[in-house]
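Nothing here was measured: the structure is a model prediction, and the numbers come from that model. In this chain, residues are counted from 1 in sequence order. First listed ligand is number 1; within each ligand, the first listed atom is number 1.
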Amino acid sequence: MAKNSTKDLQKTASKNGSSKSAKATKKSSISRSNSSPKLEQKESNTSNSIETNQETTRASAYSVAQDQLKTVAGIMGLEDHLHQYLQVPQRELIVNFPVKMDDGSMKMFTGFRVHHNTIKGPTKGGIRYHPDVTLDECRALAMWMTWKCALMNLPYGGAKGGVVVKPDELSQRELEKLTRRYAAEISLFVGPERDIPAPDVGTNAQIMAWFMDTYSMHKGHSIPAVVTGKPVSVGGTAGREYATGLGITYCTRAVLNRCSGLTLEDSTVAIQGFGNVGSWTARTMDERGARVIAVSDQHGGIYNKNGLDPRHLMRYVAETGSVLDYPGSDRLTNQELLELDVDVLVPAALEGQITASNADRIRAKVIAEGANGPTTPEADKILDDKGVIIIPDILCNAGGVIVSYFEWVQGLQSFFWDEGNVRSRMQQTLTDNLDLVISNTVRTKQDLRTAAYMIAISRIVEAVEIRGFYP
Ligand code: NAD
C-alpha cells in the first residue's frame with residue numbers, strides 16, 4: 001500500500017520532525033449568513049445541470065465507504081465481528097411527506113436520516129437538500145462522519161440525512177414548509193442527546209433555525225442544541241460559518257510545510273465548488289498568501305493565472321448566483337479545473353469527482369479534500385503512485401464538525417464563547433490530531449487516509465470493547 005507519495009511524505013515528515021506542530025498552525029436564494037459575517041453570502045443552488053464525473057455513480061458512495069473500511073480493517077487485522085459491526089449503519093429512517101406548494105398543489109417529498117454508530121455518543125451529521133440524495137449516499141456520509149468524529153476525539157457517532165429536492169426551485173415559503181415537515185418527520189430520530197443535524201450541501205443557517213424552531217415548538221420550549229450551524233442570534237456559535245474552510249486551510253498549510261517542502265504562500269490553488277466550504281477555503285487561503293487561480297460551481301469554472309479575489313468573488317456570487325463571467329477571468333470546465341497544473345487542488349463540491357477515469361491527468365501536488373468522499377479508492381492508488389499527497393476528508397474538512405461540537409456544548413450550557421476562543425480551540429484540536437495522523441503515517445508506512453482511518457477505528461474499537469455488546 002505504501003507507494004512513492006507515502007514514502008516521500010514519510011521522508012519529508014521525518015526530516016521536518018513529525019511531532020513539530022504547525023506554525024499557525026429561480027425563486028429562492030439561500031442565505032448563508034450566520035454569526036457576524038463580514039460578508040453575507042447568498043447562493044442560488046440551481047442543480048439542473050450538475051456535471052458529474054462518475055465511472056462510479058454517486059449512488060455507489062456507500063460501496064466506496066465500505067471498501068475503504070475493508071482495506072483498513074485488513075491492514076489493522078480487525079476482528080471479523082467488529083468489521084461486520086462497523087460496515088453497516090445502526091439505524092435508518094425513510095420518510096415520505098407532503099408539502100403544500102404556493103400554487104395550492106400538494107407535492108410529495110422523500111427524506112432520509114441515517115445513524116451509523118452511537119458507541120461514542122449521540123450522532124452528528126449534516127442535512128443535504130439535493131436532487132441526487134439517496135439512502136446509500138446518506139449511509140456513506142454517515143459512516144464517514146463516524147470516522148471523522150472519532151479522529152477528532154469528539155463524543156459523537158456519525159449521521160447524515162437529506163431530502164430529494166432542488167432547493168433553488170422552491171420559494172422561501174415552500175423551503176420553510178418542507179424543512180419544518182421534514183424536521184417533524186425525523187423528530188423521533190433527533191435530539192440534543194440523540195442526534196444533532198447541521199448544514200450540508202443545499203442547506204444553511206436559516207434552514208437550521210427553522211429545524212430548531214419546529215423541534216422546540218413540539219417540545220414546548222427552546223432547544224437550541226438540537227442542531228448546529230444556526231445563526232448566532234438563536235444560539236449559534238461565533239466562527240461556525242467559515243470553520244470548515246478555515247480548517248482546510250490550517251491542514252493544507254501544515255501538510256505543505258511538513259510533508260511537501262512547499263509553503264502555502266508560494267502555492268497556487270484550484271477549488272471545485274464555491275459554496276460554504278469552497279468559498280471560505282478560497283478566502284482563508286488567499287488571506288494567508290496563497291494564489292487561488294481557479295474556482296468552479298455546478299455551472300462551470302473560472303480561471304485567472306494571476307489569482308482571483310475570493311472576498312470580492314463571494315460578493316459577486318451573492319449577486320449573480322454563479323462564479324461564471326467574473327470580471328477578469330476566463331471560463332474553464334469543472335474537468336479542466338481538476339486537471340490544472342496547481343500546487344493544491346481542493347475538491348469542495350460532491351463525492352466521486354476524482355476517479356480512475358481522470359486521476360492520471362491530475363497534476364496537483366497536494367489534494368485537500370474539502371468535500372466528503374471526493375476521491376474513489378481506485379483514484380487513491382493512481383494518485384499515490386504519481387506521488388500526489390491526499391489530505392483525507394475525515395481530517396481535512398473536520399474544522400466544521402469541531403466548531404459544531406463547540407456550538408452544541410455552548411448551547412447545552414447556555415454559555416457562549418468569543419470568536420477567538422472558538423478559532424484557537426478548533427485549530428488546536430485539528431492540528432493535534434493532524435500530528436497524530438502524520439506520526440502514524442511515518443510509523444506504519446501507510447498513506448494519510450489509511451493512517452487517519454486506523455486512529456479513528458482503533459478509538460471506536462476501544463470504546464466497543466469497554467462498553468461491550470448489549471445485551
Ligand atoms: P454548498 O451547497 O454550500 O456548496 C456546494 C457547491 O458545490 C456549490 O458551489 C455548487 O454549485 C457546487 N457544485 C455542485 N455540484 C458541482 C459539480 N458537479 N461540480 C462543481 N461544483 C459543483 O455545500 P457545502 O456545505 O459547501 O458542502 C460541499 C462539500 O463539503 C460536501 O461534500 C459536504 O458534504 C462537505 N462538507 C461540508 C461541511 C460544511 O460545514 N458545510 C463540512 C464538512 C464537509
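Close N/O approach between K160 and ligand 1 is not found [any backbone or side-chain N/O within under 3.5 Å]. Between K148 and ligand 1, a contact under 3.5 Å exists for no N or O pair. For ligand 1, the polar-atom distance check against G278 finds no nitrogen or oxygen pair separated by under 3.5 Å. Residue contacts with ligand 1: R128 is placed with a nitrogen or oxygen under 3.5 Å of a nitrogen or oxygen of the ligand (distance criterion only). Between A349 and ligand 1, at least one N/O pair is under 3.5 Å apart. Checked by distance only, ligand 1 and N397 stay at 3.5 Å or farther apart across all their nitrogen or oxygen atoms. The distance criterion of under 3.5 Å between nitrogen or oxygen atoms is met by N276 with respect to ligand 1. Considering backbone and side-chain atoms alike, L141 places every N or O at 3.5 Å or more from each N or O of ligand 1.
Y62 carries R139 over the face of its six-membered ring, with the cationic atom under 6.0 Å from the centre and within 45° of the normal.
For atom 21 (N) of ligand 1, the nearest non-hydrogen atom from the set D297, D200, V295, V317 comes from D297. Residue G370 holds the heavy atom nearest to atom 30 (O) of ligand 1 of all those in S322, G370, G125, P167. Selection from I394, V277, V403 by nearest heavy atom to atom 37 (C) of ligand 1 gives V277. Distances from atom 15 (N) of ligand 1 to the heavy atoms of V401, L350, D132, L338 put L350 nearest. Between atom 6 (C) of ligand 1 and the options G275, A398, G229, the minimum heavy-atom separation is to G275.
Looking at R240 against ligand 1, only its side chain comes within 4.0 Å, counting heavy atoms. When non-hydrogen atoms are compared, ligand 1 lies under 4.0 Å from neither the backbone nor the side chain of A198. Looking at V201 against ligand 1, both its backbone and its side chain come within 4.0 Å, counting heavy atoms.
When the side chain to side chain contact (heavy atoms under 4.5 Å, CB included) test is applied to P224, the partners found at least two apart in sequence or on another chain are S222, K230.
Ligand 1 lies within reach of A371, whose nearest heavy atom is under 4.0 Å from it.
Contact atoms of ligand 1 toward N334: 19 (N), 20 (C) (distance under 4.0 Å to a heavy atom of the residue).
No side-chain donor-acceptor contact under 3.5 Å links T376 to the backbone of G352. Of the possible donor and acceptor atoms, none in the side chain of Q427 sits under 3.5 Å from a partner among the backbone N and O of R423. The main-chain N or O of E407 is never found under 3.5 Å from a side-chain atom of T237 such that the two would form a donor-acceptor pair. Without hydrogens or angle criteria, R361 side chain to E339 main chain gives no donor-acceptor distance under 3.5 Å.
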Go through F109 and Y182 one step at a time and tell me if the ring pair (Phe, Tyr, Trp, His ring centres under 6.0 Å) criterion holds. CA-CA 9 Å; F109 290 90; Y182 171 67; over 10 Å; no
Any chance you could lay out the side chain to side chain contact (heavy atoms under 4.5 Å, CB included) test for R240 and V422, step after step, and finish with the verdict? CA-CA 9 Å; R240 175 62 184 90; V422 171; over 6 Å; no
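At a threshold of 4.5 Å between non-hydrogen side-chain atoms, the residues T355 and E378 do not count as touching.
In this structure, H116 and W147 have perpendicular ring planes: the angle between them is above 60°, well past the 30° mark.
Residue pairs that meet the salt bridge (Lys or Arg N to Asp or Glu O under 4.0 Å) test with at least one member in residues 388-401, sequence neighbours left out, are D393-R449.
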